[in-house]
A.B. asks: 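Handing you this structure, nothing more for now.
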Amino acid sequence: MSVQITLLFLSFFFFGLTLTLSAATCLDDQKQLLLALKHNLTFDSSLSTKLVGWNQSVECCVWGGVTCDKSGHVTHLDLSHETIHGPIPSSQTHWKGLKSLQYLNMAYNSLTGNFPNSLLTTLPSLDDLDLSYNRLSGQVVNHVSSDELRLRNLDLSSNKFEGPIPGFVFDLAALSTLKLSGNKFSGRLDLDRFGKMQELYALDLSYNNLRVSVSANFSLLSKLNSIMLASCKLQEIPDFRNQSRLLMLDLSDNNLSGEIPNWIWDLGDGYLRFLNLSHNKFSSLEKPYTFPFLLDVLDLHNNYLEGDIPVPPRRVYHLDYSNNNFKSSIPVGFGNVLRSTLFFSIANSNLVGVIPESIRNASSLRDLNLSRNALTGPIPLIGNLKDLRSLDLSVNMLDGSIPDELTNLTQLLFLNLSYNHLSGRIPRFQKFTELSFEGNEGLCGLPLKKSCG
Ligand SMILES: *[C@@H]1O[C@H](CO)[C@@H](O)[C@H](O)[C@H]1NC(C)=O
Ligand SMILES: *[C@@H]1O[C@H](CO)[C@@H](O)[C@H](O)[C@H]1NC(C)=O
Ligand SMILES: *[C@@H]1O[C@H](CO)[C@@H](O)[C@H](O)[C@H]1NC(C)=O
Ligand SMILES: *[C@@H]1O[C@H](CO)[C@@H](O)[C@H](O)[C@H]1NC(C)=O
Ligand SMILES: *[C@@H]1O[C@H](CO)[C@@H](O)[C@H](O)[C@H]1NC(C)=O
Ligand SMILES: *[C@@H]1O[C@H](CO)[C@@H](O)[C@H](O)[C@H]1NC(C)=O
Ligand SMILES: *[C@@H]1O[C@H](CO)[C@@H](O)[C@H](O)[C@H]1NC(C)=O
Ligand SMILES: *[C@@H]1O[C@H](CO)[C@@H](O)[C@H](O)[C@H]1NC(C)=O
Ligand SMILES: *[C@@H]1O[C@H](CO)[C@@H](O)[C@H](O)[C@H]1NC(C)=O
Ligand SMILES: *[C@@H]1O[C@H](CO)[C@@H](O)[C@H](O)[C@H]1NC(C)=O
């Protein structure tokens with residue numbers, strides 16, 4: 001019995017060993033191709049962690065950034081963060097033999113020159129191409145028929161590409177991720193053009209020079225999980241009502257105005273987690289509304305929102321209501337719903353009234369910014385907010401003394417209590433200068449020059 005088990009174990013062991021070995025033995029032609037490729041790439045060998053180790057004496061499937069299949073063909077090449085500069089070698093000889101290459105990642109380098117369209121011509125198996133965070137420029141041209149391309153993920157974000165969004169991408173029926181943000185793509189674009197991409201999961205067109213529009217019945221893309229359309233010159237809010245998988249939506253920095261429609265909170269069948277509507281001209285939230293339970297990032301800053309301050313869902317960890325025009329006061333129990341919140345700002349929003357005591361229950365807070373309002377009353381007791389790194393209460397009408405327990409906030413790196421009506425002796429903080437306390441007539445003691453006498 002035990003012999004049998006041992007034998008069984010041994011055979012598994014050898015079987016496993018053969019598998020690992022064969023998976024790790026790269027074919028000589030693949031090795032020579034990669035070495036020639038390395039030879040044609042300019043990079044800083046003192047900063048490189050992958051390319052620098054590619055050499056004849058080591059088996060190429062264990063080189064940094066290289067993955068092979070069982071037959072020893074290279075399938076994945078990850079050359080991200082390798083300080084590569086200059087153009088992507090375009091010669092056919094470099095890529096042609098890599099016929100099993102599915103994944104090519106050259107993100108976060110300093111690549112220059114044009115879009116290497118020969119990659120698409122020579123790499124028939126490529127389904128994942130990431131050239132983001134480089135300095136590639138010019139128009140993206142491609143002469144290969146989209147029917148012959150297998151691309152599923154294309155990331156060209158944060159480069160200097162210009163001109164219209166290349167037509168071939170709209171015909172890539174298998175495309176799952178398309179990220180073109182942070183370039184200089186220009187022209188008008190209707191989202192309907194993405195209608196063929198039934199597999200589309202993530203779309204990012206943010207921060208280009210595009211003028212994006214959405215015709216009335218855009219609805220087909222049923223798998224969309226993330227839509228990023230920041231700075232797309234949108235004039236009206238696209239009707240994404242039927243996007244039942246949507247978890248992330250960014251419509252910031254557009255020209256959207258009026259009410260925030262209440263259907264937006266039902267997106268993704270109520271599973272919306274990230275919403276950025278900042279830098280628009282919204283004036284209110286359409287009522288009645290119920291925030292989705294799972295929403296954890298809600299950014300409404302830089303709008304014209306008026307009236308009641310919306311009470312966020314309890315899981316929100318990033319909440320930005322700053323630079324609005326609420327003209328109201330913070331609800332009494334507001335701090336009790338911020339128990340998981342790390343970042344909360346409602347600065348510069350025309351708030352009146354006092355800072356509610358419940359803020360001490362927002363015990364996860366790292367950044368709290370209530371500056372530039374007309375808040376009155378005392379600074380609440382928040383010595384228990386142990387993770388607080390920045391506290392900005394400047395330019396309000398707060399009075400009373402600075403609570404001693406603020407000195408218990410050991411993580412605090414930034415404090416601004418300037419331009420209020422605070423008075424009395426400043427407690428003994430270790431690190432802050434007078435810039436944190438100026439503009440309070442009644443305050444005295446270090447670091448201010450005025451002594452308490
Ligand atoms: C080849 O690379 C390996 C591992 O990075 C290194 O230990 C070895 O010294 C290199 N050999 C030569 C000849 O550069
Ligand atoms: C690659 O390097 C060889 C030799 O250094 C050079 O002749 C060739 O022009 C280079 N090709 C590309 C595309 O950079
Ligand atoms: C909506 O789509 C249908 C068919 O796809 C089309 O006939 C109709 O004109 C479209 N309506 C609008 C308002 O775009
Ligand atoms: C949403 O889907 C329903 C049912 O499939 C359809 O009747 C409606 O027109 C769609 N609405 C939009 C805005 O696409
Ligand atoms: C929301 O969008 C604005 C402008 O596009 C950006 O500055 C901000 O960082 C975004 N907020 C979040 C939480 O990502
Ligand atoms: C923004 O929208 C308003 C109408 O809501 C329009 O008058 C204005 O021209 C638009 N601005 C830009 C820059 O498109
Ligand atoms: C608080 O918000 C105001 C207004 O948006 C901004 O000017 C200030 O820099 C913020 N304070 C901190 C510490 O980020
Ligand atoms: C803080 O939370 C505790 C426990 O949930 C609650 O009893 C208390 O009333 C809250 N404090 C304020 C000021 O709301
Ligand atoms: C502040 O810290 C001191 C010593 O660490 C402790 O005795 C005191 O109770 C704390 N005060 C508050 C209000 O947390
Ligand atoms: C606090 O805010 C005031 C008013 O905006 C500013 O003058 C001062 O420099 C700020 N202090 C710090 C430490 O940033």
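Only heavy atoms go into these numbers, but all of them, side chains included; no hydrogens, no water, no symmetry mates. Note that this is a predicted model, so its numbers are computed, not measured. Atoms within each ligand, like the ligands themselves, are counted from 1 in listed order.
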A.B. asks: Quick check: Asp392 and ligand 7, any N/O pair under 3.5 Å apart?
C.D. replies: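 Yes; at least one N/O pair falls below 3.5 Å.
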A.B. asks: Going by the order shown, which atoms of ligand 5 are within less than 4.0 Å of some heavy atom of Asn276?
C.D. replies: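 Ligand 5 atoms under the 4.0 Å threshold to Asn276: 1 (C), 2 (O), 3 (C), 8 (C), 10 (C), 11 (N), 12 (C), 14 (O).
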A.B. asks: If only side-chain N and O atoms count, and only distance matters, is there a donor-acceptor pair under 3.5 Å linking Tyr201 with Asn225?
C.D. replies: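 Checked: Asn225/Tyr201 side chains pair up, N/O donor to acceptor below 3.5 Å.
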A.B. asks: Is the shortest distance from a Lys or Arg side-chain nitrogen in Asp127 or Arg150 to a carboxylate oxygen in the other one below 4.0 Å?
C.D. replies: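 Yes, Asp127 and Arg150 are salt-bridged.
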A.B. asks: For atom 6 (C) of ligand 8, find the nearest protein heavy atom and state the residue, atom name and distance (0.1 Å precision).
C.D. replies: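 It is Asn361 ND2, 4.2 Å.
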A.B. asks: What distance separates Leu98 CG from Thr75 OG1, expressed to the nearest 0.5 Å?
C.D. replies: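 Going from the CG atom of Leu98 to the OG1 atom of Thr75 covers 10.5 Å.
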A.B. asks: Identify the closest protein heavy atom to atom 5 (O) of ligand 5: which residue and atom is it, and at what distance?
C.D. replies: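 The closest heavy atom on the protein side is Tyr207 OH, 2.5 Å.
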A.B. asks: Decide whether an N or O pair under 3.5 Å exists between Glu357 and ligand 8.
C.D. replies: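 No; every N/O pair is 3.5 Å or more apart.
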A.B. asks: Tell me, with the steps shown, if Asn105 and Leu77 meet side chain to side chain contact (heavy atoms under 4.5 Å, CB included).
C.D. replies: CA-CA 6 Å; Asn105 183 351; Leu77 211 45; over 6 Å; no
A.B. asks: Looking at Ser278, which atoms of ligand 5 are within less than 4.0 Å of one of its heavy atoms?
C.D. replies: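 This gives 1 (C), 2 (O), 3 (C), 4 (C) as the contact atoms.
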A.B. asks: What about Phe194 and Phe170, are their ring centers closer than 6.0 Å?
C.D. replies: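 Yes.
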A.B. asks: Where on Asn336 is there a heavy atom closer than 4.0 Å to ligand 8, on the side chain, on the backbone, on both, or on neither?
C.D. replies: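 It is the side chain that touches ligand 8; the backbone stays farther off.
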A.B. asks: Under 3.5 Å, N or O to N or O, is Asn369 touching ligand 7 that way?
C.D. replies: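 Yes: some nitrogen or oxygen of Asn369 is under 3.5 Å from one in ligand 7.
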A.B. asks: Could you tell me the residue and atom name of the protein heavy atom closest to atom 7 (O) of ligand 7, and the distance to it rounded to 0.1 Å?
C.D. replies: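 Atom 7 (O) of ligand 7 sits closest to the protein heavy atom Arg372 NE, 4.5 Å.
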A.B. asks: Might you work through the salt bridge (Lys or Arg N to Asp or Glu O under 4.0 Å) test for Asp296 and Arg273, ending with a clear yes or no?
C.D. replies: CA-CA 5 Å; Asp296 43 32; Arg273 302 193 58 168; 2.7 Å; yes
A.B. asks: Is there a protein heavy atom at a distance of less than 4.0 Å from atom 9 (O) of ligand 8?
C.D. replies: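 So far as the 4.0 Å threshold goes, atom 9 (O) of ligand 8 is out of reach of every protein heavy atom.
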A.B. asks: Do Asn336 and Ser358 have a side chain donor and acceptor closer than 3.5 Å?
C.D. replies: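 Distance-only check fails for Asn336 and Ser358.
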A.B. asks: I'd like to know if Arg152 and Asp128 make a salt bridge, using a cut-off of under 4.0 Å between side-chain N and carboxylate O.
C.D. replies: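 No, no charged N to carboxylate O under 4.0 Å.
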A.B. asks: Within ligand 7, which atoms have a heavy atom of Asn323 less than 4.0 Å away?
C.D. replies: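 Counting atoms of ligand 7 from 1, those under 4.0 Å from Asn323 are 5 (O).
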A.B. asks: Does any donor atom in the side chain of Lys160 or Asn183 lie under 3.5 Å from an acceptor atom in the other side chain?
C.D. replies: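 No pair is found: no donor N or O on one side chain lies under 3.5 Å from an acceptor on the other.
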A.B. asks: Run the numbers for me: atoms of ligand 8, each under 4.0 Å from some heavy atom of Arg339, listed by number.
C.D. replies: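 Once the distances to Arg339 are compared, the set is 2 (O), 5 (O).
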A.B. asks: For the 3.5 Å polar cut-off, considering only N or O atoms, please tell me whether Ser252 and ligand 5 meet it.
C.D. replies: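 Among all N and O atoms of Ser252, at least one is under 3.5 Å from an N or O of ligand 5.
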A.B. asks: Do you see a protein non-hydrogen atom under 4.0 Å from atom 2 (O) of ligand 5?
C.D. replies: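 Yes, because at least one protein heavy atom sits under 4.0 Å from atom 2 (O) of ligand 5.
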A.B. asks: What atoms of ligand 5 come closer than 4.0 angstrom to any heavy atom of Asp299?
C.D. replies: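 Close to Asp299: 1 (C), 8 (C), 10 (C), 11 (N), 12 (C), 13 (C).
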A.B. asks: Would you mind telling me if ligand 7 is within reach of the side chain of Asn416, the backbone, both or neither, using heavy atoms under 4.0 Å?
C.D. replies: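 No part of Asn416 is near ligand 7 at this cut-off.
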A.B. asks: Short list, please: which atoms of ligand 7 are under 4.0 Å from a heavy atom of Ser371?
C.D. replies: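 Near Ser371, meaning under 4.0 Å from one of its heavy atoms, ligand 7 has 1 (C), 2 (O), 3 (C).
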